[in-house]
Amino acid sequence: MLLGKINPILWITLGLSCTFGMGCQPPTIPETFASPSNSPIPNSASVKTSPIEYLGEFQIPTGFIFQDTPLGGFSGITYDTQRNLYYALSDDRAIQGPARFYNLEIQLNPLVVTPIGVTPLVDQSSRPFPSYSLDPEGIALTRRDSLFISSEGDVVQDIQPFIKEFSREGKEIQSLPLPDKFLPQNSQGIRDNQAFESLTLSPSEQFLYTATETALVQDGEPANLEKGTPVRILQYDLTTGQPAQEFYYLTEPVQTEPKSPDGLTIHSLVELLAWDETKLLSLERGFTEDVGNTGLLYEVSLQGATDIQPIESLKDVDIQNIQPAQKRLLLDLQTLNIPMDNLEGMTFGPQLADGRRSLILVSDNNFNPLQVTQFLVFAINLEE
């Protein structure tokens, strides 16, 4: 149940968490969440890995209302370098408001998150998307001021997934074709709520990457405590607008054991972020009932990986003959020793003073009063 319209200063008074080692004080900007100390983001010596360094955390409580919409469900985020803005996609299925993304300003020193606008999504005829007709998950900004957005659809309701391009004002421009093997039909395709969670553009913007969250029905099973799930990274060539290649990516197994034998466990690929044309960051997120969330951040290389586009079912081939995407663990987020929410979105931010890139992760609060919208900030340099 969502709470009513509440002054954000009251939320901070009620206990908004600011964990940068800085005291929380009421913000001076209306509808702003801030940790307004004058001290800079600390470089934590106690939680540091190379080539990635954890800089801090920031939380927004569930229940905050912005421009008549419940702020939350942030399943994807992308950075506009030209305007120094972030676009955070809500995965609200047009139920508690229109399908939409939020315009955010995120200042890093000191950390301040300011929602400044809501952009509803509309179709090519400028009509709002009907309730339950989409499940927005991934978002990526182009240099021509458009946004690619992915939707998982709804297998139970026979609503197909999609990858569409929208204007920055939220109007649909075009749809990209999906290979038939991904469509839920004839006992194959995506699983419900486990489809195109991730979306990213290569720096040249020739390639758009997305991936299934877990295995296609014909490829394998979701992750369990013993083994990971085989997912497909789908590459589009935007010079043609067509699917170009597919790559095999194996997630890790479920990271934590449930307290009861029938407890819910999940581990899946929830985000990709392109570093260059063939090097990506991947975020694997897990959840175990009565235990909590986990997160693993990887550097991924597609160089030398087998193009599995011609393979209709990974169950029907010898997987040992397929070269998968190569993974290198950058950070097990559990080592940060902070409560972790349902992390789903990831974007680069501005370059930091020392030349490294800022990296921001954000969580989907599921509009659950027991969860928060959590931002994690890092410095990263994969050239080392």
Side-chain angles (χ1 to χ4, degrees), residues 60 66 69-81 85-94 96-106 113 115 117-121 129 134-142 145-153 161-168 170 172 176 190 193-202 205 207-213 231 233-234 236 268-275 280-285 293 295 297 341-349 358-367 371-378:
I60 298 175
F66 179 74
T69 65
L71 191 73
F74 289 172
S75 59
I77 187 169
T78 189
Y79 178 56
D80 185 337
T81 58
L85 290 176
Y86 297 80
Y87 307 117
L89 183 68
S90 176
D91 69 357
D92 179 3
R93 300 185 182 190
Q96 303 179 68
R100 63 197 179 275
F101 63 85
Y102 291 87
N103 297 355
L104 305 177
E105 290 181 345
I106 301 177
V113 178
V118 178
T119 303
L121 299 176
F129 286 90
L134 74 173
D135 183 6
E137 295 291 352
I139 186 169
L141 176 70
T142 75
D145 258 4
S146 65
L147 293 154
F148 282 98
I149 290 176
S150 63
S151 168
E152 290 191 311
F162 68 66
I163 299 172
K164 295 180 182 288
E165 186 177 13
F166 292 81
S167 70
R168 203 169 62 89
E172 179 184 342
L176 297 183
I190 60 169
N193 204 33
Q194 298 177 30
F196 300 120
E197 186 86 28
S198 57
L199 203 63
T200 187
L201 280 163
S202 68
E205 300 194 356
F207 300 122
L208 179 73
Y209 291 100
T210 185
T212 54
E213 193 173 345
V231 303
I233 296 176
L234 174 58
Y236 283 89
S268 57
L269 175 62
V270 296
E271 188 64 293
L272 295 171
L273 183 60
W275 180 271
L280 312 171
L281 301 182
S282 70
L283 176 61
E284 298 183 18
R285 186 275 330 274
N293 295 287
L297 189 61
D341 213 279
N342 178 39
L343 295 168
E344 290 193 357
M346 180 165 61
T347 188
F348 294 119
S358 57
L359 177 69
I360 298 172
L361 275 59
V362 68
S363 70
D364 173 1
N365 67 353
N366 294 311
F367 301 101
Q371 294 180 245
V372 297
T373 298
Q374 179 182 46
F375 294 83
L376 299 182
V377 183
F378 301 86

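In what follows, residues are counted from 1 in the order of the sequence shown. For clarity, every value in this text was computed on a predicted model and none was experimentally measured.
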Shortest non-hydrogen contact from V118 to T69? CG2-OG1, 4.0 Å
Which distance, rounded to the nearest 0.5 Å, do you find between the CG of D92 and the CG of L134? 9.0 Å
F207: which residues meet the ring-ring contact (aromatic ring centres under 6.0 Å, His included) condition with it, sequence neighbours left out? none
Residues which pass side chain to side chain contact (heavy atoms under 4.5 Å, CB included) with S167, listed by chain and number, not counting sequence neighbours: E169, K171, I173
Determine whether L343 and N293 satisfy the following criterion, side chain to side chain contact (heavy atoms under 4.5 Å, CB included), listing intermediate values before the conclusion. CA-CA 8 Å; L343 295 168; N293 295 287; over 6 Å; no
Looking at residues at least two apart in the chain, or sitting in another chain, which of them share a ring-ring contact (aromatic ring centres under 6.0 Å, His included) with F162? none
Distance-minimising heavy-atom pair for P161 and I190: CG-CD1, 3.7 Å
Which atom pair, heavy atoms only, marks the closest approach of E152 to E197? OE2-OE1, 3.3 Å
The criterion is salt bridge (Lys or Arg N to Asp or Glu O under 4.0 Å); which residues satisfy it with E213, sequence neighbours excluded? R285
Does Y87 have any side-chain hydrogen bond (donor to acceptor under 3.5 Å, both in side chains) partners at least two apart in sequence or in another chain, and if so, which? D80, R168
Could you pull out all residues at least two apart from D364 that satisfy salt bridge (Lys or Arg N to Asp or Glu O under 4.0 Å)? none
Verify, without hydrogens or angle tests, whether S150 (side chain) and F196 (backbone) share a donor-acceptor contact under 3.5 angstrom. yes
Test of understanding: with side-chain hydrogen bond (donor to acceptor under 3.5 Å, both in side chains), list the residues that count as partners of D91, not counting sequence neighbours. none
Quick check for you: to the nearest 0.5 Å, what is the distance between L376 atom CG and I360 atom CD1? 10.0 Å
I need the E344 CD to I77 CD1 distance, nearest 0.5 Å. 12.5 Å
Can you confirm whether Y86 sits close enough to N103 that some side-chain heavy atom of one is under 4.5 Å from a side-chain heavy atom of the other? no
Does A211 have any side chain to side chain contact (heavy atoms under 4.5 Å, CB included) partners at least two apart in sequence or in another chain, and if so, which? S198, I233, L269, L272
When rounded to the nearest 0.5 angstrom, what is the spacing between CE in M346 and CG in L283? 5.0 Å
Side-chain contact test, heavy atoms from C-beta onward, threshold under 4.5 Å: evaluate it for L359 versus L273 and give yes or no. yes
Could you state the interatomic distance from OG1 (T78) to CG (L85), rounded to the nearest 0.5 Å? 11.5 Å
Might you work through the side chain to side chain contact (heavy atoms under 4.5 Å, CB included) test for L71 and T373, ending with a clear yes or no? CA-CA 9 Å; L71 191 73; T373 298; over 6 Å; no
Who passes side-chain hydrogen bond (donor to acceptor under 3.5 Å, both in side chains) against S358, sequence neighbours left out? none
Any residue meeting ring-ring contact (aromatic ring centres under 6.0 Å, His included) with F378, in chain and number order, not counting sequence neighbours: Y54
Please lay out, stage by stage, how K164 and I149 fare under the test side chain to side chain contact (heavy atoms under 4.5 Å, CB included). CA-CA 5 Å; K164 295 180 182 288; I149 290 176; 5.7 Å; no
Test of understanding: with side-chain hydrogen bond (donor to acceptor under 3.5 Å, both in side chains), list the residues that count as partners of S282, not counting sequence neighbours. Y249
Using only atom types and a distance under 3.5 Å, with no angle test, would you say the side chain of N365 pairs donor to acceptor with the backbone of G72? no
Side-chain contact, heavy-atom cut-off 4.5 Å: I163 with L208? yes
Closest heavy-atom contact between L199 and G138? CD2-O, 3.7 Å
Which heavy atom in F348 sits nearest to a heavy atom in A274, and how many Å separate them? CE1-O, 3.5 Å
Going from OH on Y236 to OG1 on T210, what distance comes out if it is rounded to the nearest 0.5 angstrom? 7.5 Å
Using distance alone, with no hydrogens and no angle criterion, decide if S146 and E165 have a side-chain donor and acceptor under 3.5 Å apart. yes
How far apart are the closest heavy atoms of F129 and L121, and which atoms are they? CD1-O, 3.5 Å
Taking only residues two or more places apart in sequence, or in another chain, which ones meet Y102 in a ring-ring contact (aromatic ring centres under 6.0 Å, His included)? F74
